[in-house]
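Below, chains carry the letters A, B, ... as their sequence lines are ordered, and counting in each starts from 1.
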2 protein chains.
Amino acid sequence: MDAQPGRSVTSKVLALLDAFTPASPALTLSELARRAELPLPTASRRVAELVAWGALERGDDGRYRIGLRLWEVGSLAPRGLGLRELALPTMEDLYEVTHENVQLAVRQDVELVFIERIAGRHAVPVLTRVGGRFALHATGVGLVLLAYAPAEVQEQVLAAPLERYTPLTITEPGRLRRGLAEVRRTGYAVSDRQVTMDALSVAAPICGPEGSVVAAISLVVAHHRADPVALAPLVQAAGRTISRSLGTSYGPRGSVG
Amino acid sequence: MDAQPGRSVTSKVLALLDAFTPASPALTLSELARRAELPLPTASRRVAELVAWGALERGDDGRYRIGLRLWEVGSLAPRGLGLRELALPTMEDLYEVTHENVQLAVRQDVELVFIERIAGRHAVPVLTRVGGRFALHATGVGLVLLAYAPAEVQEQVLAAPLERYTPLTITEPGRLRRGLAEVRRTGYAVSDRQVTMDALSVAAPICGPEGSVVAAISLVVAHHRADPVALAPLVQAAGRTISRSLGTSYGPRGSVG
DNA sequence: CACGGCCTTTCACTCAGTGAAACCGGAACT
DNA sequence: AGTTCCGGTTTCACTGAGTGAAAGGCCGTG
């Protein structure tokens with residue numbers, strides 16, 4: 001016990017899981033130990049238990065990877081699978097009509113998590129990943145999720161520095177605040193070259209049974225052939241359809257006037 | 001320490017996660033403690049840590065659910081997300097052509113796990129679930145995965161009693177063995193009313209770079225309007241397409257003659 | 001055959017984890 | 001307003017699960 005005296009076993013186990021990222025999905029024991037800030041023997045023992053359970057798998061190369069078992073359990077997350085399952089048919093419809101990228105995301109604290117994505121073969125390549133996180137202030141889905149988020153979340157995002165992804169990214173809190181008001185007024189969000197210079201996205205809210213916004217759906221299209229105003233009704237209709245299948249009478253209730 | 005003396009903390013934590021099932025995705029602390037066979041105070045403490053990390057979430061109703069964070073980490077499972085991501089476009093193509101259920105599954109020990117599913121709006125309702133497990137001896141994907149599984153896995157399945165789902169389910173080891181040989185010969189599997197009396201599925205293998213079968217794809221259609229022989233080439237083509245995108249020269253190498 | 005990288009096991013120590021019991025607070029009776 | 005039940009949390013003294021330094025495999029490789 002040197003690094004953090006009194007570190008719980010549970011936190012160590014979770015730190016081991018945290019060591020895996022999209023950029024490094026396969027790690028040797030040494031790498032794992034270093035990332036989790038654990039002595040090697042400790043890592044060895046905990047990892048052995050995780051492998052026995054199926055949370056991790058050891059490949060032929062000796063490296064450890066996240067195991068299917070963990071994915072299985074994770075699939076029980078109601079906001080993950082439940083929503084996904086309900087939304088997928090509608091997302092497919094939207095894809096069949098537009099043949100553009102369709103994305104589904106939920107808010108997790110001050111970030112968003114992509115729940116599902118239909119990547120069109122001929123659509124703009126998007127750099128997002130299902131299961132991946134992203135800031136709320138740039139993407140279409142992010143703007144929708146932020147616009148209908150609790151006031152404290154909005155303030156937290158507006159107070160922190162807004163990361164810039166392109167020369168056009170809105171990084172000024174005042175402009176973002178006005179943008180969010182506009183989203184609530186129109187009921188959809190447009191993110192024009194905010195994340196990459198070739199993409200534009202149009203997003204709409206998805207509401208749960210109590211009327212709160214639980215997710216957002218978006219179309220991501222090439223910026224040059226985009227007509228946000230024409231796309232918005234399509235995305236909004238999809239959002240309404242999914243909301244309805246969640247058992248709600250549609251109508252997002254904003255939290256901030 | 002009474003129940004199992006010497007039970008590791010890690011195993012307790014994992015037991016808590018195990019308590020969640022598709023049938024009971026939301027549990028009170030007491031239920032959790034009971035299922036994990038832990039005293040309530042212990043469960044309370046471990047659960048608190050899991051919630052802090054995001055593995056679990058506590059709903060408004062006080063019940064605990066699997067959290068998004070766990071789903072996020074689980075999404076890093078290479079056989080989960082990696083395959084899914086690669087296969088989805090092809091699955092969509094197959095869906096657009098047939099408008100039937102398309103399923104993707106991998107083998108996990110002596111069972112299969114559904115990785116992805118496109119549920120057609122007007123297709124037969126299937127009772128399977130993404131992230132769910134199933135026996136290998138009944139479904140189309142199961143037969144494919146079993147036919148190309150290592151010999152010891154096949155023997156293990158053939159040795160155990162084969163569960164019956166319908167009057168037509170093959171439960172006799174000899175017949176199953178012959179069926180598997182037929183799958184290897186033709187390169188696809190047909191499961192006719194083996195799981196439910198109204199559905200039939202046609203499945204084909206997906207091969208990894210080294211030629212081993214890593215997954216299976218299937219179409220599930222209503223039994224009465226099914227023409228397996230006509231569907232097989234479609235499914236096989238989809239399997240080949242996905243195999244190719246996995247970076248392989250197609251050709252499943254069977255393990256058992 | 002010595003060296004280094006990588007991982008597992010040994011061993012004596014000790015503090016994180018433990019569970020019985022007490023405590024808390026809300027809901028449901030009386 | 002008092003009592004009991006129920007679900008959950010906290011206290012407290014005890015103890016064995018977890019620990020890490022060191023030693024021990026087990027490869028490839030120079």
If you take all heavy atoms of A/Arg133 and A/Val113, which pair is closest and at what distance?
-> CG-CG2, 4.1 Å
d(NZ, A/Lys12; P, D/dA17) in whole Å | 15 Å
side-chain hydrogen bond (donor to acceptor under 3.5 Å, both in side chains) between B/Arg45 and A/Thr10, worked out = CA-CA 10 Å; B/Arg45 285 183 283 239; A/Thr10 309; over 6 Å; no
Find the distance B/Leu38:CG to C/dG19:C1' and express it as a whole number of Å.
-> 12 Å
Can you check whether A/Ser8 has a side-chain N or O nearer than 4.0 Å to OP1 or OP2 of C/dA16?
-> no
Spacing between B/Arg46 atom CZ and C/dG19 atom P, to the nearest angstrom | 10 Å
To the nearest 10 degrees, how far apart in direction are the end axes of the helix from C/dC1-D/dG30 to C/dT30-D/dA1, each fit to five base pairs?
-> 30°
Between B/Val144 and B/Ala216, which heavy-atom pair has the shortest distance, and what is it?
-> CG1-CB, 3.8 Å
Quick one: A/Leu32 CG to C/dC7 P, roughly how many Å, whole number?
-> 9 Å
Summarise how protein sits on nucleotides 6-12 of chain D as a single string, 5' to 3': B when a protein heavy atom is under 4.0 Å from the base, S for sugar-phosphate-only contact, - for no contact.
-> -SSBBB-
What integer distance in Å separates A/Glu49:CD from C/dT9:C1'?
-> 15 Å
Decide, yes or no, whether a salt bridge links B/Asp109 with A/Arg69 under the criterion of side-chain N to carboxylate O below 4.0 Å.
-> no
Given side chains that start at C-beta, do those of B/Leu76 and A/Arg129 come closer than 4.5 Å, heavy atoms only?
-> yes
Side-chain heavy atoms of B/Gln108 within contact of A/Glu57, under 4.5 Å = yes
Can you tell me the distance, in whole Å, between the CZ atom of A/Arg7 and the P atom of D/dT19?
-> 10 Å
For the student: nearest non-hydrogen atoms of A/Leu246 and A/Gly208, plus distance = CD1-CA, 4.4 Å
Looking only at non-hydrogen atoms, find the nearest pair between A/Arg7 and A/Ser11 and report the distance.
-> CG-OG, 3.2 Å
